[in-house]
Amino acid sequence: MIFPSYRARRIRNNSTIRRMVRETSLTVNDFVYPLFLREGKNIKSQVKSMPGVYQYSLDMIEGEINELKDLNIPAVILFGIPDKKDEIGSEAFNQDGIIQKGIEKIKELNPDLYVITDVCMCEYTDHGHCGVVKGEVIVNDPTLELLSKVALTHVKAGADMIAPSDMMDGRVAAIRETLDENDFEHIPVMSYAAKYASGFYGPFRDAAESAPKFGDRKTHQMDPANKREALKEVLLDIEEAADIVMVKPALPYLDVIHLVRENTLLPVAAYNVSGEYSMIHAAAQKGWIDYEKVMKETLISIKRAGADLILTYFAKDAAKLLQGER
Ligand code: PBG
C-alpha cells in the first residue's frame, strides 16, 4: 500500500462511501438519560451550571417522560434530592422517599422506560459524604448495610436496575446478596466500577446538592493517575457478580474504557459526566465551538473507545440530531 498507487483518500470521496466504511455508529439505544428528582411541588428548576438540565418535583415530570418516549430513549438513571438530610442519610432508604415515589410515578407514566437508580448516600447525608462517617473517616462496612437497604427499597418500588456509585469495597456483593435474599435475583447491577475522584463532577454537585461539607472523596474514588487499578476494580466487581461495569468520567478516561473493553465480556458503560457536558455548552455559548459537532464527536469517541452504553445529559439533543440524520 504505497503512494502513488495507493491513495487513502479514495474511500473518503463522498458521504455515501464515508457512510459505508464507517467503523463506529451511534444510536439512541446507547443512551441513558440522568434525571434529578426533588421533593416538593411545582418545581422545575434549571441547574445553574448545566443548561437544559432541571430538577423536577414529581408532579412536573410528565412532559419530560413523554419527551423521552417520543425520542425513543430507552433508559433513565435517577438521582434524588430529599428535603431532609441527616447523618446517615435515612431518606435514601425511606420507602416513601423521593426516588422510591419517583420510580412508581415514572412506571405509571411509561412502564416501558427502563429505570436505573443511582445508589449512594451523598445526596442524603448532611455532611455530603457517600457513607457512614466516624470522625472524618468514611467507614466501609457499615455503609454496605445502608447501600443494600437503599437498593432493596428501589427494586421494591419497581426499579429495573441498580447502579451503586459510592465506591465502597464489597458493595456489589452486598447488594447482590440482599437482592437475592429478597427474590430480586433477576434485577441486574451496573457498578460504577472504575470511578475516579474527578473535578468533572463539579456541576453535578450543584444539580444534586451533594458536595461534601469537609474533605474530599479521594479515600474511595480512584486516583486519576491510575489505570491498572481501574482494571483491578472492574475485575473485583465482576467477581462480585456485576452485570455491567462502568467507567466514569468518560472523555478524560477513554484509555480506561478501552482497557476495560479489552478485558471483559460484560457490557461496558461510560458516564459522560456533568463537567464534560457543561464545558461544551460554555464554549458553544461563547461561539468558540459548534455545539452539535462537538457533542456528536464526543459521544462517538466514547463509543469508539469501547463503551456499549453512555450515560449522558446530551441524550435528548443527540437523539434529535440522529433522528434528523435518518
Ligand atoms: C454520586 C454520584 C456523583 C455523580 C454520579 N453519582 C457525584 C460524586 O461522586 O461526587 C457524578 C455525575 C456527574 O458529574 O454527572 N452519587
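Excluded from the calculations below are hydrogen atoms, water molecules and symmetry mates; all remaining heavy atoms, backbone and side chain alike, are included. In each ligand, atom 1 is the first atom listed, and ligand 1 is the first ligand listed.
Atoms of ligand 1 lying under 4.0 Å from any heavy atom of C122, numbered from 1 in the order shown and given with element: 1 (C), 16 (N). The ligand atoms of ligand 1 that sit less than 4.0 angstrom from a heavy atom of Y271 are 12 (C), 15 (O). Within ligand 1, counting atoms from 1 as listed, the ones closer than 4.0 Å to a heavy atom of S165 are 1 (C), 2 (C), 6 (N), 16 (N).
Nearest protein heavy-atom neighbour of atom 14 (O) of ligand 1: S274 OG, 2.7 Å. Distance from atom 16 (N) of ligand 1 to its nearest protein heavy atom, with residue and atom name: E123 OE2, 2.9 Å. Of the protein's non-hydrogen atoms, F204 CD1, 3.3 Å is the one closest to atom 12 (C) of ligand 1.
With a heavy-atom cut-off of 4.0 Å, Y277 does not touch ligand 1 at all. Looking at D166 against ligand 1, nothing comes within 4.0 Å, counting heavy atoms.
For the pair K156 and F184, the cation-pi test (distance below 6.0 Å, angle within 45°) is failed.
The backbone N or O of S191 lies less than 3.5 Å from no partner atom in the side chain of D237, so there is not a single donor-acceptor pair.
The heavy atom nearest to atom 10 (O) of ligand 1, considering only E276, Q221, R205, is found in R205.
Donor-acceptor pairing under 3.5 Å is lacking for the side chains of T153 and Q95. Judged by distance alone, the side chains of D86 and Y124 never bring a donor and an acceptor atom under 3.5 Å apart. Remark: the D317 side chain and the Y291 side chain contain an N/O donor-acceptor pair separated by less than 3.5 Å.
A single hydrophobic cluster is not seen to contain both V119 and Y271; linkage of ILVMFWY side chains at heavy-atom distances under 4.5 Å, directly or through other members, places them apart.
Residue contacts with ligand 1 include K248, since one or more of its heavy atoms lies under 4.0 Å from the ligand. For the pair Y313 and ligand 1, a heavy-atom separation below 4.0 Å is found. At least one heavy atom of K195 sits less than 4.0 Å from an atom of ligand 1.
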Pair up each side-chain donor or acceptor in residues 46-53 with any protein partner under 3.5 Å, not counting sequence neighbours, and list the distances.
unit_1, atom_1, unit_2, atom_2, d
Q46, NE2, M50, O, 3.3
S49, OG, D206, OD2, 2.8

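Salt bridge K69/D112: absent, no basic N to carboxylate O contact under 4.0 Å.
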